[in-house]
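Step one of this worksheet: look at the structure below.
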Amino acid sequence: MSSTTAGQVIRCKAAVAWEAGKPLVIEEVEVAPPQAMEVRLKILFTSLCHTDVYFWEAKGQTPLFPRIFGHEAGGIVESIGEGVTDLKPGDHVLPVFTGECKECRHCKSEESNMCDLLRINTDRGVMLNDGKSRFSINGQPIYHFVGTSTFSEYTVLHVGSVAKINPAAPLDKVCVLSCGISTGLGATLNVAKPKKGSTVAVFGLGAVGLAAAEGARIAGASRIIGVDLNAKRFDEAKKFGVTEFVNPKDHEKPVHEVLAEMTNGGVDRSIECTGSINAMISAFECVHDGWGVAVLVGVPNKDDAFKTHPMNLLNERTIKGTFFGNYKPRSDLPSVVEKYMNKELELEKFITHEVSFSEINKAFEYMLRGEGLRCIIRMDA
């Protein structure tokens with residue numbers, strides 16, 4: 001497939017955030033051609049993640065507007081810039097908010113996925129190549145978001161943030177793998193690594209936590225204990241393999257003591273997906289001495305401090321952190337897509353709403369009301 005629009009400016013629709021917290025506006029934007037080591041994608045499906053909402057509300061960081069949000073998506077390569085060798089027009093891809101340059105020490109390490117060049121940067125609204133945006137309206141630059149900006153029919157990314165996947169995979173399902181679902185799944189499978197028959201606690205039963213539970217189900221955990229302050233989430237969580245539930249509000253004792261009593265001394269693995277510092281501490285203190293491993297996924301507030309007694313560590317408990325489930329985007333995401341294709345991983349149950357691109361603000365309303373998990377936005381509707 002050769003692109004008839006290669007090298008040209010494309011005019012298309014994009015949902016532009018002109019100011020913090022105000023509804024997005026569907027505008028005609030101009031999308032410049034990709035420069036060296038860049039790729040222009042036609043986005044077919046995108047979904048809304050809590051991170052988009054957080055930065056759209058401009059909570060706690062440098063606001064940057066006007067901006068095109070969106071970072072969970074699936075699309076097709078429209079054209080490639082100079083120096084791009086491993087992608088071609090027509091390839092099916094997932095854009096990713098982080099990246100893999102394949103050259104830095106992190107990319108060459110088997111243990112890390114935190115690329116020096118393409119690690120997530122929420123403040124940068126321009127391309128690395130020349131410090132400029134590829135989006136404009138009547139000559140006014142519109143800023144990028146985390147290098148992806150998928151709330152546009154066409155977008156430009158650095159090649160290192162684009163994962164080529166099986167063209168048979170349905171993009172309206174696997175698009176959710178480009179952020180939250182892979183983060184939770186990988187936290188369990190790649191970092192916590194529960195053994196078959198083990199006991200796993202998951203703190204926070206939003207989309208990321210349920211993906212962590214799905215990972216525990218795939219790994220063969222015998223007990224998956226969901227911990228959440230919202231009892232309404234418990235029924236839904238059963239679909240993801242959660243076998244028992246604890247609401248800390250129902251107990252006078254600290255939740256780590258409740259879990260220790262339930263599991264004869266503590267769980268084998270715990271995954272924390274809330275960002276609450278108290279949940280992080282509880283997730284660590286609830287694991288069994290001798291072999292327990294706690295994995296932190298949620299992003300804390302900037303002033304939080306993690307406090308626990310050193311004996312908890314000396315008694316052979318382990319605490320780990322993870323970023324994007326320790327998946328390297330280009331190297332590892334294709335195999336996660338294959339887990340779905342092989343029916344090992346179920347994605348349909350994460351998708352609770354679908355809207356047309358013109359109704360994108362509905363997706364924000366669903367998330368702000370706490371309704372459902374993922375809302376798919378169809379770009380062609």
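All residue numbers in this chain count up from 1 along the given sequence. In this text, all values refer to a predicted model and were calculated from it rather than measured experimentally.
For Asn312, the side chain to side chain contact (heavy atoms under 4.5 Å, CB included) criterion is met by Phe284, Glu285, Thr308, His309, Arg317, not counting sequence neighbours.
Thr148 and Thr150 form no side-chain donor-acceptor contact under 3.5 Å, judged by distance and modelled atom types alone. Side chains of Glu359 and Ser356: a donor on one and an acceptor on the other come within 3.5 Å. Side-chain atoms of Tyr327 and Glu100 include no donor-acceptor pair closer than 3.5 Å.
Residue Ile120 is grouped with residue Val191 when hydrophobic side chains (ILVMFWY) are merged at heavy-atom distances under 4.5 angstrom, including chains of intermediate members. The cluster map of Ile, Leu, Val, Met, Phe, Trp and Tyr, joined by side-chain heavy atoms under 4.5 Å apart, puts Val336 and Ile351 in the same cluster. Leu313 and Met311 fall into different hydrophobic clusters, defined by Ile, Leu, Val, Met, Phe, Trp and Tyr side-chain heavy atoms under 4.5 Å apart, directly or through other members. Hydrophobic clustering, with ILVMFWY side chains joined whenever heavy atoms are under 4.5 angstrom apart, groups Ile26 together with Leu44.
Ring pair Phe245/Phe234 is parallel by interplanar angle, where below 30° counts as parallel and above 60° as perpendicular.
Residue pairs meeting the side-chain hydrogen bond (donor to acceptor under 3.5 Å, both in side chains) criterion with at least one partner in residues 109-122, sequence neighbours excluded, are His106-Ser112, His106-Arg119. Note on residues 225-240: pairs passing side-chain hydrogen bond (donor to acceptor under 3.5 Å, both in side chains), not counting sequence neighbours, are Asp228-Arg233, Asp235-Lys238, Glu236-Lys239. Sorted by first and then second residue, the pairs that involve residues 252-272 and meet salt bridge (Lys or Arg N to Asp or Glu O under 4.0 Å), not counting sequence neighbours, are Lys253-Glu261. Listed by first and then second residue, the salt bridge (Lys or Arg N to Asp or Glu O under 4.0 Å) pairs involving residues 161-171 are Asp91-Lys164 (not counting sequence neighbours). Residue pairs that meet the salt bridge (Lys or Arg N to Asp or Glu O under 4.0 Å) test with at least one member in residues 61-75, sequence neighbours left out, are Glu72-Arg374.
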Problem set entry | Criterion salt bridge (Lys or Arg N to Asp or Glu O under 4.0 Å) on Lys339 and Glu344, from CA distance to verdict | CA-CA 5 Å; Lys339 279 188 195 298; Glu344 193 182 338; 3.6 Å; yes

Exercise. Should Phe240 and Phe350 be marked as a ring-ring contact (aromatic ring centres under 6.0 Å, His included) after you check the CA-CA gap, both sets of side-chain angles, and the distance that decides it?
Worked result: CA-CA 9 Å; Phe240 299 83; Phe350 288 99; 4.8 Å; yes

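Applying the 6.0 Å contact sphere to NZ of Lys362 captures no more than 12 heavy atoms from other residues, nucleotides or ligands. Counted within 6.0 Å of CZ on Arg105, heavy atoms from surrounding residues, nucleotides or ligands total 12 or fewer; the atom is thus considered open.
Salt bridge annotation for Arg40-Glu78: present, with a cationic side-chain nitrogen under 4.0 angstrom from a carboxylate oxygen.
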